[in-house]
A.B. asks: 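This is the structure I have questions about; it appears just below.
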Amino acid sequence: MPPAYQYGHNLIERKMRYDTKVVEYRCKLLEAHNQQVVLFHIIEDTFIMTANQANLTIPKGSYTLAYYWGNRPYNLYIWRDNKGKYIGCYINIVKNTCFTNKMVSFEDLIIDIMVLPNGEYYILDEDELPVPLEQFENGNVLKALNSLIGSLDSFLPKMISDAENTYKHAELLPWLNKYEI
């Protein structure tokens, strides 16, 4: 990784949506090695995610631990509230994840998985697909989705535990208290 990839370095997360709209967030680097980057992002405005009858509220002042892999068809957001308590996860199905010393970028492939604190999960945005899921992106999104669903019970608890043990809430408090992102 370039020398600028140091803990606390400011980076941009750039999401290129399928409709070609670009969304960017200011983040701080937590870790970068091989094909993985982990970023920290403060939630500046409360938002609510809804699937069926389930709601997941991500309050202002909470934060994201965002994991990106150059060799996986997804990224993972682990959300914690401003006290460090786990409040849920979100998994984007993606392609073309790239890392530079200024940015993490990826192409969002519409389909996402929202995971509640109790482990229940919901597949989101299937209604936004331009073709049936089986045909979308030559079936690659469905393949990634099925693989993720099949491994959620083992993959996600490990990721949440590793995040808690690696990125201690107390060590992130200076960034939360200052909103220096």
Side-chain angles (χ1 to χ4, degrees), residues 1-18 20-49 56-110 112-117 124 144 148 152 155-181:
M1 292 287 162
Y5 258 19
Q6 297 175 3
Y7 181 86
H9 179 73
N10 291 320
L11 290 175
I12 298 293
E13 179 207 66
R14 176 178 286 165
K15 173 170 74 171
M16 291 160 283
R17 293 178 20 160
Y18 207 76
T20 70
K21 181 179 177 186
V22 174
V23 181
E24 294 185 346
Y25 295 96
R26 294 176 297 146
C27 302
K28 287 204 177 280
L29 178 71
L30 293 174
E31 186 176 345
H33 58 84
N34 299 328
Q35 289 289 310
Q36 178 181 308
V37 171
V38 182
L39 300 180
F40 170 90
H41 171 74
I42 293 174
I43 306 302
E44 296 179 6
D45 295 302
T46 298
F47 64 95
I48 300 171
M49 301 186 72
L56 179 59
T57 300
I58 311 301
K60 177 180 179 176
S62 56
Y63 58 95
T64 306
L65 301 173
Y67 289 77
Y68 309 87
W69 295 273
N71 56 0
R72 297 185 190 180
Y74 58 88
N75 57 39
L76 167 66
Y77 299 149
I78 297 174
W79 288 308
R80 294 180 184 166
D81 68 15
N82 63 357
K83 304 289 185 210
K85 180 182 173 197
Y86 169 71
I87 54 177
C89 287
Y90 189 77
I91 303 168
N92 292 301
I93 306 294
V94 301
K95 69 178 182 181
N96 298 327
T97 301
C98 299
F99 310 125
T100 71
N101 64 352
K102 295 181 181 182
M103 178 180 312
V104 171
S105 66
F106 60 93
E107 294 177 40
D108 184 18
L109 296 177
I110 302 174
D112 307 303
I113 303 172
M114 174 180 78
V115 183
L116 302 177
L124 306 177
L148 274 166
L152 271 183
F155 164 72
L156 205 49
K158 180 183 179 337
M159 291 299 299
I160 293 166
S161 175
D162 286 353
E164 187 173 315
N165 292 324
T166 304
Y167 309 111
K168 305 281 188 203
H169 177 71
E171 295 169 6
L172 301 173
L173 278 175
W175 292 342
L176 283 171
N177 293 337
K178 293 181 182 178
Y179 273 83
E180 56 177 3
I181 290 189

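Keep in mind the model is a prediction, meaning the values are calculated, not measured.
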A.B. asks: With a 4.5 Å cut-off on side-chain heavy atoms, are Ser105 and Asn96 touching?
C.D. replies: no
A.B. asks: Could you tell me whether the side chain of Tyr18 reaches within less than 4.5 Å of the side chain of Asp108, counting heavy atoms only?
C.D. replies: no
A.B. asks: So, do Arg26 and Asn10 sit near enough that their side-chain heavy atoms are less than 4.5 Å apart?
C.D. replies: no
A.B. asks: Would you find more than 12 non-hydrogen atoms of other residues, nucleotides or ligands less than 6.0 Å from Tyr25 atom OH?
C.D. replies: no
A.B. asks: Please report the closest heavy-atom contact between Leu11 and Asn101, naming both atoms and the distance.
C.D. replies: CD2-O, 3.2 Å
A.B. asks: So Ile87 and Pro59, do their side chains get closer than 4.5 Å, heavy atoms only?
C.D. replies: yes
A.B. asks: So, for Tyr67 and Ala163, which heavy atoms are closest and what is the spacing to 0.1 Å?
C.D. replies: OH-CB, 3.3 Å
A.B. asks: For Tyr77 and Glu13, which I'm curious about, is there any donor-acceptor pair between the side chains at under 3.5 Å?
C.D. replies: yes
A.B. asks: Quick one, Phe40 and Leu65 - any side-chain contact, counting heavy atoms below 4.5 Å?
C.D. replies: yes
A.B. asks: Are Leu124 and Met49 side-chain neighbours, meaning at least one heavy-atom pair lies under 4.5 Å?
C.D. replies: yes
A.B. asks: Is any side-chain heavy atom of Leu156 less than 4.5 Å from a side-chain heavy atom of Leu76?
C.D. replies: yes
A.B. asks: Should the heavy atoms of other residues, nucleotides or ligands under 6.0 Å from CD of Glu164 be counted, would the total exceed 12?
C.D. replies: no
A.B. asks: What class does the angle between the rings of Trp79 and Phe47 fall in, given that below 30° is parallel, 30 to 60° is tilted and above 60° is perpendicular?
C.D. replies: perpendicular
A.B. asks: Strictly under 6.0 Å, is that where the ring centroids of Tyr74 and Phe155 end up?
C.D. replies: yes
A.B. asks: Does any non-hydrogen side-chain atom of Lys28 lie less than 4.5 Å from one of Tyr63?
C.D. replies: no
A.B. asks: From Lys85 NZ over to Ser62 OG, what is the distance, rounded to the nearest 0.5 angstrom?
C.D. replies: 12.5 Å
A.B. asks: If every non-hydrogen atom of Ile43 is compared with every non-hydrogen atom of Thr64, which pair is closest and at what distance?
C.D. replies: CD1-OG1, 3.4 Å
A.B. asks: Hydrogens and angles aside, do Trp69 and Gln35 bring a side-chain donor and acceptor to less than 3.5 Å of each other?
C.D. replies: no
